[in-house]
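Lettering follows sequence order; numbering is per chain, from 1.
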Amino acid sequence: MKTLLEFPRTVWTSVFRHPLPGSDLGRSQTSFTNFFLHIHPVKVNKHTLKPWYTMGLGLMSFFLFVILVFTGVLLMFYYVPSTTQAYDRMLDLRGTVAYGTFLRNMHRWSAHGMVALVALHMARVFLTGSYKKPREFNWIVGVVLFLVTMFLSFTGYLLPWDQLAYWAITVGTSIAGYAPVIGKDIKFLLLGDNTVGQEALLRFYVLHVVVLPAVLTLLIAIHFWRIRKDGGLSRPPEADELPVQLAASTGPTMAITVNATPMQLDPAPKREKRQFGLMGIVRGPFTKTGNIPDNSVYSWPNLLTAELFVFVLTVAIILVLALLFNAPLEEPVNIAHPPNPAKAPWYFLGLQELVSYSAFWGGVGIPGIEVAILFLVPFLERKPGGVGRWFAKERMLPNTLFMTFAILNVIFIIVGTVFRGPNWELVSPW
Amino acid sequence: MKLPLAIASLIILIAHGIVFYEQFQNQWSSQQKAYFEQAQARAINAAEKEELGSRTPKVEQILVSQFGESRVDRCTTCHIAADDPRFKDHFEPLKSHPYSVAMGDYQKKNGDWERRHKFNDFGCTVCHDGQGRGLDLAHAHGSDEFWPDPMLGYVNQPNWRKDFTHLKGREYMEAACAQCHTEENFAGTPHVQRGRQLFFKYNCFGCHKIERLSEGTLGPELTEAGHKFKLDYLWESVVEPRANLATSFMPQFKMPWEDVRDLVIFLKSRKGFNYNETGLSRYRAKINPRMEGPEAVAVTPASLNIGSKTPEAMPKVTGFELLDQHSCFACHKVNDGKNKKDGGIAPDLSWEGLIRDSDWAFEHFKNPRSRMPDSIMPSFRYNDETFHLMTDYLMGLQTPAKFAPGEETFKAICARCHGEKGDGLGVTAVYIDPAPRDLSKPSFLATKPRQRLLDSIHNGVAGTSMPGWGKVLTDAQIEGTLNYVFTSIVKAKGDQYKDHKMPETNPVADTPDSRARGEQTFLARCIGCHGRKADGKGPNSIDILPRPRNLRNGSFVRALPDKRMMDSILYGVRGTAMPSWIEYGLSQKDAGDLMNYVRSLTPATRLQAPIRTARR
């Protein structure tokens with residue numbers, strides 16, 4: 001009987017072994033005692049939490065990915081990647097499935113949002129010089145993530161199997177086919193055939209729901225891991241300077257004593273600005289940290305609150321968008337009737353505009369060079385200054401170049417979206 | 001941080017609330033609840049009352065797979081009273097579906113009606129179109145502009161043209177009946193039948209192929225027109241042929257809107273598949289070229305192929321009636337003194353006996369392009385006997401034109417092609433290639449010697465639709481009309497005719513080398529207007545009036561003297577876009593090579609009989 005009455009408490013404490021933290025020790029422990037929270041460092045620099053530094057763009061991208069996986073799995077319960085069934089399934093999703101329209105809207109706007117946000121996140125990282133040593137590898141991982149995100153969006157675009165989807169993918173894969181030497185093979189590999197059809201639909205479906213999400217998850221995990229290994233988010237050198245009045249002290253001014261043998265932490269290294277990594281040698285049931293006054297705050301609750309806020313904001317915006325705007329569904333595929341003009345998805349419209357000037361240079365050459373430069377930029381710009389600040393003067397040249405290319409890309413996308421009409425002629429949108 | 005967090009969380013909460021609320025507020029469940037209530041009120045007995053009372057709204061659907069791809073029709077979710085005769089006076093959507101004899105429904109002995117086309121077998125969309133899977137009104141009825149099959153006769157999509165006001169109506173449903181009931185004169189489809197008759201009356205069958213109905217090849221095949229296109233597109237294609245293709249030469253027939261509607265209904269019924277047939281019978285009909293099977297209809301409604309009957313069996317029709325039955329007057333005009341009809345699209349044949357001879361006419365009947373290279377007249381597949389009879393009639397039209405010289409003659413004869421104002425915009429002008437000349441251009445007429453103009457009227461212009469009027473008009477009439485043109489039509493005094501002293505014959509010998517050089521020059525200079533095939537359809541040709549000459553028009557080119565050809569190349573043709581190439585560095589030798597090349601494109605072969613136009 002007593003066992004029965006104590007049931008709730010015993011179940012609860014078997015899952016949540018530690019009480020909510022009330023002390024600094026407790027706050028430190030959260031990073032070691034919870035599977036999900038162990039991603040976080042125990043303490044995080046104050047500069048990292050400044051909203052206008054990162055604007056939470058990376059987090060937003062990640063949360064959008066989570067929303068996409070969640071809504072995507074739900075959509076998978078209703079969708080069939082068959083040329084004869086796909087469109088009918090989309091009609092059912094729209095008209096018959098409970099919350100179907102809403103689900104699809106959330107998925108679609110999260111997808112477009114994620115492509116836009118990863119681009120903005122990349123811009124933020126570049127403009128704050130955050131790809132410099134030691135973060136070069138993480139930047140590479142990030143560029144790969146960007147390309148995988150766009151590929152994910154592209155593969156998903158085909159699945160409704162309506163006129164919009166079919167011809168957008170026809171345009172996109174034809175642009176891929178302009179690559180020299182291997183272009184035709186790449187196109188055949190993508191489509192499984194010479195034209196978009198059942199093979200392409202199945203292939204894109206598998207890529208979209210299995211392969212690319214798995215790759216993305218893996219790369220995101222590495223991306224987060226690298227953030228920790230590189231010492232947290234980038235910040236200006238001032239952020240690491242100890243507060244003035246304590247610059248003279250040589251060691252810990254406080255020690256936390258508990259019922260255990262005092263620990264011997266690694267002696268402070270000779271370099272003054274070095275932060276302690278918390279994965280030092282630990283003996284005993286829990287870690288002891290010196291509560292050195294510095295510019296960091298505990299992850300619990302500060303970082304968690306910030307992340308929660310970004311999550312809630314992201315979800316709120318996506319919910320509102322999904323309520324207000326419906327994802328498009330055009331006529332069923334009619335391979336005898338290409339629309340005029342046939343346009344690629346918006347993130348490829350800049351490419352399509354360039355392709356209208358030159359097939360190779362516009363579709364393959366210039367984008368290839370841009371991506372190559374993105375990959376190489378941490379190895380091209382080796383001067384160490386200007387990290388952790390927006391538009392640092394020391395980095396005027398790379399920032400200007402980046403902004404020029406970014407704005408040009410945006411202009412091309414706008415031209416392709418709004419100013420191009422039938423036969424790709426310039427038209428007035430008004 | 002706390003306040004924005006609270007606001008964002010509140011937004012999430014409200015959004016979820018709205019989503020859940022909307023999910024439970026669909027239209028069809030309130031319709032069904034209303035039905036349950038009202039049916040309870042009309043219930044026969046207590047058991048039915050109780051059963052209705054315990055029903056909850058749910059999606060109703062009918063799965064139909066015997067009509068092509070499997071269909072899911074959810075119309076009865078809202079139209080739940082469709083089969084409940086007690087609701088026949090209700091308003092939609094709870095109105096019961098009408099019974100009618102036209103749909104094959106019949107009354108049983110006890111007075112109850114029995115449906116022929118039961119909903120469980122047919123569903124709804126096979127007759128009504130619309131979107132079976134939709135559960136809200138806009139999508140279910142196909143009013144969303146992307147749905148290819150809006151409800152026939154009930155729904156206009158928002159992007160349809162507003163000036164087409166006759167696209168709604170019950171008659172359009174007959175197109176759906178005719179998908180299976182393809183027999184001619186089927187009782188339930190009078191508009192389809194009338195549309196079929198109009199398809200022949202307006203000569204559509206000459207250019208457009210519909211399987212087992214007609215064999216035309218000049219226009220797109222219409223076997224599946226009803227399946228591929230919506231009502232507004234079909235309507236637009238009939239009343240404005242050039243709306244979707246600027247280079248279409250389909251005539252713009254003058255039809256009252258009822259004719260257009262019936263044609264559209266007929267075309268909409270052409271789905272290209274007949275659920276009535278098995279696959280085997282369809283295949284048999286396809287490989288067997290004879291017009292057979294339920295779709296087979298005589299090529300014209302009336303007596304066609306009369307030559308196949310014995311002379312006694314041939315119906316007694318006059319020549320005029322013969323032409324009328326074969327729909328010639330959908331385009332042409334004839335006024336033989338006793339009868340008169342005019343389609344307003346093709347030349348006036350009232351004096352044909354004085355203009356052409358019977359060889360010309362017969363060959364032209366068999367294949368119009370053998371005599372008029374860019375003619376848009378279809379090659380009809382009538383038999384030779386029919387053509388001979390038609391030729392005999394036309395050759396019998398030999399009354400000269402009795403109009404006063406000058407304005408009266410011009411307006412009666414010339415204005416049909418050259419326009420009332422002589423500006424080349426007569427009613428037939430857009431269908432004739434080469435187009436009738438704009439006589440009001442001063443530079444065009446004034447740069448030709450008068451004798452050449454008189455010869456053109458008298459003998460015609462070879463290879464063009466300008467016939468020789470020498471036997472139809474007297475010299476006085478011709479002179480008078482030409483004077484009228486110069487005084488009243490030509491707008492201003494243009495340049496005068498200048499003799500450029502060109503050699504009478506081509507000074508350059510016609511050798512393979514010369515032709516090769518000419519071809520190089522042609523490719524470098526001429527193809528922009530005259531086209532790579534030298535047929536006058538180069539990329540610039542769309543913007544030029546009069547169109548660049550079709551240099552493969554053998555009749556024209558062979559009748560063109562060397563002197564004039566060289567003059568045209570080197571000094572251009574005033575009043576047209578043909579430039580003066582001597583100003584671009586071409587010499588007489590270059591022109592000679594060009595001429596050898598161009599003439600090599602249209603050699604006179606023994607198969608082509610010489611054109612005989614009426615000569616003085």
Side-chain angles (χ1 to χ4, degrees), chain A residues 49-51 56 63 67 78 83-85 87-103 105-106 160 162-164 301-324 326 328-334 336-337 339-340 422, chain B residues 1-24 26-28 58-61 63 68-72 74-75 77-78 130-140 142 144-150 157 159 220 224 227-230 233 244:
Chain A
L49 295 180
K50 282 195 193 323
F63 291 138
I67 294 175
Y78 296 99
T83 53
T84 46
Q85 294 189 57
Y87 189 79
D88 284 339
R89 294 283 178 155
M90 300 302 296
L91 290 178
D92 278 342
L93 266 169
R94 182 174 69 185
T96 323
V97 170
Y99 315 105
T101 327
F102 185 68
L103 195 62
N105 290 350
M106 281 198 66
D162 65 347
Q163 284 282 78
L164 185 67
N302 303 291
L303 180 57
L304 268 302
T305 323
E307 289 180 353
L308 178 68
F309 176 63
V310 173
F311 178 67
V312 167
L313 188 68
T314 313
V315 171
I317 293 178
I318 291 296
L319 279 179
V320 170
L321 286 177
L323 272 177
L324 290 178
N326 280 334
L329 187 65
E330 297 191 356
E331 299 101 328
V333 168
N334 183 348
H337 194 215
N340 187 0
Chain B
M1 187 65 79
K2 288 235 170 70
L3 181 62
L5 185 60
I7 294 177
S9 307
L10 192 65
I11 293 178
I12 292 182
L13 199 64
I14 293 177
H16 276 99
I18 295 176
V19 169
F20 279 108
Y21 177 77
E22 277 185 350
Q23 184 59 34
F24 291 109
N26 43 34
Q27 228 178 353
W28 56 263
K58 71 174 183 34
V59 174
E60 305 275 344
Q61 63 183 26
L63 301 173
E69 78 276 7
S70 63
R71 297 164 186 258
V72 176
R74 299 188 175 125
C75 321
T77 309
C78 276
Q131 187 196 127
R133 286 174 190 257
L135 278 180
D136 63 287
L137 190 141
H139 287 124
D144 138 43
E145 70 189 73
F146 294 115
W147 185 248
D149 298 310
Q157 292 183 337
N159 59 340
E224 295 185 8
H227 176 60
K228 293 200 282 199
F229 302 117
K230 303 179 194 175
Y233 186 89
N244 293 304

Handout entry: Proximity breakdown for D144(B) and chain A, heavy-atom pairs closer than 4.5 Å
Key =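 Just its side chain gets close to chain A.
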Problem - Heavy-atom side-chain contact between F146(B) and L164(A) under 4.5 Å - result: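 No, too far: nothing below the 4.5 Å cut-off.
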Practice task
Please tell me if the side chains of R94(A) and Q131(B) come closer than 4.5 Å, counting only heavy atoms from C-beta onward.
Solution key: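 Result yes, sub-4.5 Å side-chain heavy-atom pair found.
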Handout entry: Separation between CD of Q85(A) and CD of E69(B), rounded to the nearest 0.5 Å
Key =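 Those atoms lie 12.5 Å apart.
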Handout entry: Straight-line distance of L323(A) CG to E22(B) CD, nearest 0.5 Å
Key =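 Reported value, rounded in 0.5 Å steps: 6.5 Å.
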Exercise for the section: Could you tell me which portion of D88(A) (side chain, backbone, both or neither) has an atom closer than 4.5 angstrom to a non-hydrogen atom of chain B? Expected result: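 Both backbone and side chain.
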Exercise for the section: Would you please say whether a donor-acceptor pair under 3.5 Å links the side chains of T96(A) and R74(B)? Expected result: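 On atom types as modelled, these side chains qualify, holding a pair under 3.5 Å.
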Side chains of residues 1-21 of chain B: which donor-acceptor partners sit under 3.5 Å, not counting sequence neighbours?
unit_1, atom_1, unit_2, atom_2, d
S9(B), OG, L5(B), O, 2.7
H16(B), ND1, I12(B), O, 2.9

Only distances under 3.5 Å count here; give the side-chain donor-acceptor pairs of residues 306-319 of chain A to other protein atoms, sequence neighbours excluded, each with its distance to 0.1 Å.
unit_1, atom_1, unit_2, atom_2, d
E307(A), OE1, H40(A), NE2, 2.9
E307(A), OE2, H40(A), NE2, 2.8
T314(A), OG1, V310(A), O, 2.6

